[in-house]
Amino acid sequence: MHRPTQAREYFGHQRSGPPRASRALGSALLSLGAAASVALAAPHAARAEAPVQRTFFRLPSSNGFGAVLLDLGAARLTHFRERLPATEEPLLDERGEEVWIGNQPQAVRTRDLLYDAYFGLRSDGHQRWLTEVPVDLDASGYAGWTDGQRGGMGVVTMVQRVGNLECRQLFFAPQGLPQAGFVMAMRIENRGEGPAEGVSAFSLHNFHLGFGRPGVMADIGESGETVAYDASQGRRDFLERAFAGVVVARALEEVAAAGLTRRRRRARR
């Protein structure tokens, strides 16, 4: 019993294999294609690669309860999410029924409680907000577990320099804190040979706790807010209250001066 030869179709005719003329033409086209490929590839070899562009500047940190977002392009924290999910629960009407628009259920949206927060520096008789100082993007990013290592931790670093002073800032949501919260700290190092005079740091915390739930990536209002500083019994707490609740900003070191500015809460250390 013989196996039938598989038929192939060429231009509407059935043949058991390509004709010799077609085979020869195919070989010629293959040779021509190879030659063309070599000819086209030759100019490519002398072409320089385009430089890599940095396009990602916003780095998050989360402890599983809340999250913060550091914007290296703006040199400040710009986001503090009160909980991780973008929505909290279904939106109910006055009868306790779920609200739907068309075929879409509506939900109570999570809030962003921070407009911005950042550090300032006083040195050699001058003071400035560090949002006005360029960020060393190559030295900034996620910290490593050991010195000299980059990445691997949820701690975001931002490095800026004012004269001989290097300001290395750390922003993170503490893993041991069982609720939404974050830490912002700064280490100032003198890289020059001479002493630096009158060095101190200050910070601003611009929370928004007013009405509204416009969406997790949108700022809510600041209406009805009150701010107080509690220094009793060794505390160093700024307490801000409004419709969204209460936020406490606690200084890690002794506070030299505290008050309100046009840019909101300010603490000098």
Handout entry: H208 (side chain) donor-acceptor with L113 (main chain) under 3.5 angstrom
Key = no
Problem - Stepwise side-chain contact (heavy atoms from CB on, under 4.5 Å) test for R54 and D138 - result: CA-CA 10 Å; R54 180 181 280 109; D138 292 329; 2.8 Å; yes
Handout entry: Least distance between heavy atoms, G210 atom then A242 atom
Key = N-CB, 4.4 Å
Exercise for the section: Determine whether E88 and R109 make a side-chain contact, defined as any pair of heavy atoms from C-beta on separated by less than 4.5 Å. Expected result: no
Handout entry: From CG (D136) to CG (L72), nearest 0.5 Å
Key = 10.5 Å
Problem - Side-chain heavy-atom pair S61, V155 within 4.5 angstrom cut-off - result: no
Problem - Heavy-atom side-chain contact between E82 and T110 under 4.5 Å - result: yes
Practice task
Spell out, yes or no, whether V216 and L84 are grouped together once hydrophobic residues are joined by side-chain heavy atoms under 4.5 Å, including indirect joins.
Solution key: no
Handout entry: Heavy-atom pair of closest approach, residues D219 and L114
Key = OD1-O, 3.6 Å
Handout entry: Test log, rule side-chain contact (heavy atoms from CB on, under 4.5 Å), inputs V99 and E97
Key = CA-CA 6 Å; V99 176; E97 302 290 339; over 6 Å; no
Fill in the blank from the handout: d(Q160 CD, E166 CD) to nearest 0.5 Å is 10.5 Å
Practice task
Could you tell me whether the side chain of L77 reaches within less than 4.5 Å of the side chain of H205, counting heavy atoms only?
Solution key: no
Problem - ring pair (Phe, Tyr, Trp, His ring centres under 6.0 Å) between W129 and F119, worked out - result: CA-CA 6 Å; W129 293 110; F119 282 105; 9.7 Å; no
Exercise for the section: Might you confirm whether atom CZ of R235 has over 12 heavy atoms from other residues, nucleotides or ligands at distances under 6.0 Å? Expected result: yes
Practice task
Taking all non-hydrogen atoms of both residues into account, name the closest pair between S232 and D230 and its distance.
Solution key: OG-OD1, 2.6 Å
Practice task
Nearest 0.5 Å please: distance from the CG atom of D112 over to the CZ atom of R213.
Solution key: 12.0 Å
Handout entry: Joint hydrophobic cluster, Y115 plus V246, side-chain heavy atoms closer than 4.5 Å
Key = no
Handout entry: Side chains of L239 and R241 in contact at under 4.5 Å (non-hydrogen atoms)
Key = yes
Practice task
Begin from the C-alpha positions of R128 and L121 and carry the test side-chain contact (heavy atoms from CB on, under 4.5 Å) through to its verdict.
Solution key: CA-CA 6 Å; R128 79 282 296 163; L121 178 69; 4.1 Å; yes
Handout entry: Euclidean distance, S140 OG relative to F57 CZ, rounded to 0.5 Å
Key = 11.0 Å
Exercise for the section: Spell out, as yes or no, whether a donor-acceptor pair under 3.5 Å connects the side chain of W145 to the backbone of M153. Expected result: no
Practice task
Give the intermediate values and the outcome of side-chain contact (heavy atoms from CB on, under 4.5 Å) for residues M158 and R168.
Solution key: CA-CA 6 Å; M158 181 168 66; R168 181 174 296 273; over 6 Å; no
Practice task
I would like to know whether F182 and F172 meet ring pair (Phe, Tyr, Trp, His ring centres under 6.0 Å); could you show each step before the answer?
Solution key: CA-CA 6 Å; F182 65 90; F172 61 96; 9.5 Å; no
Practice task
Identify whether the distance between the nearest side-chain nitrogen and carboxylate oxygen of R236 and E253 falls below 4.0 Å.
Solution key: no
Exercise for the section: Report, as yes or no, whether the 6.0 Å neighbourhood of atom CZ on R150 holds more than 12 heavy atoms from other residues, nucleotides or ligands. Expected result: yes
Problem - From L209 atom CG to E225 atom CD, the distance as rounded to the nearest 0.5 Å - result: 5.0 Å
Practice task
Indicate the ring-plane relationship of F243 and F211, choosing parallel, tilted or perpendicular according to the 30° and 60° boundaries.
Solution key: tilted
Exercise for the section: Would you tell me whether R122 and S200 have side-chain atoms, one donor and one acceptor, within less than 3.5 Å of each other? Expected result: yes
Fill in the blank from the handout: Here the pair of heavy atoms bringing P174 nearest to G181 is CD-O, 3.7 Å
Completion exercise
CE of M184 to OH of Y118, rounded to nearest 0.5 Å, is 10.0 Å
Handout entry: Single-linkage hydrophobic cluster, 4.5 Å side-chain cutoff, V159 and V183 together
Key = no
Completion exercise
S62 and Q175 have their tightest heavy-atom pair at O-NE2, 3.0 Å
Practice task
Report the residue from V68, L69, L70 that forms a side chain to side chain contact (heavy atoms under 4.5 Å, CB included) with P60.
Solution key: L69
Practice task
Would you indicate whether the side-chain heavy atoms of L204 and D116 approach each other to under 4.5 Å?
Solution key: yes
Exercise for the section: Give the cluster check for Y142 versus L137: same hydrophobic cluster or not, with ILVMFWY residues linked at side-chain heavy-atom distances below 4.5 Å. Expected result: yes
Handout entry: Contact check, side chains of R81 and M217, non-hydrogen atoms, under 4.5 Å
Key = yes
Practice task
Compute whether any side-chain donor of one residue and acceptor of the other, for E98 and Q106, lie under 3.5 angstrom apart.
Solution key: no
Exercise for the section: State whether R250 and D237 are salt-bridged, where the test is any N-O pair (Lys NZ or Arg NE/NH1/NH2 against Asp/Glu carboxylate O) under 4.0 Å. Expected result: yes
Practice task
Indicate, with yes or no, if F80 and F65 share a hydrophobic cluster defined by side-chain heavy-atom contacts under 4.5 Å among Ile, Leu, Val, Met, Phe, Trp and Tyr.
Solution key: no
Exercise for the section: Determine the minimum heavy-atom distance between L130 and A75, stating which atoms define it. Expected result: O-CB, 4.0 Å
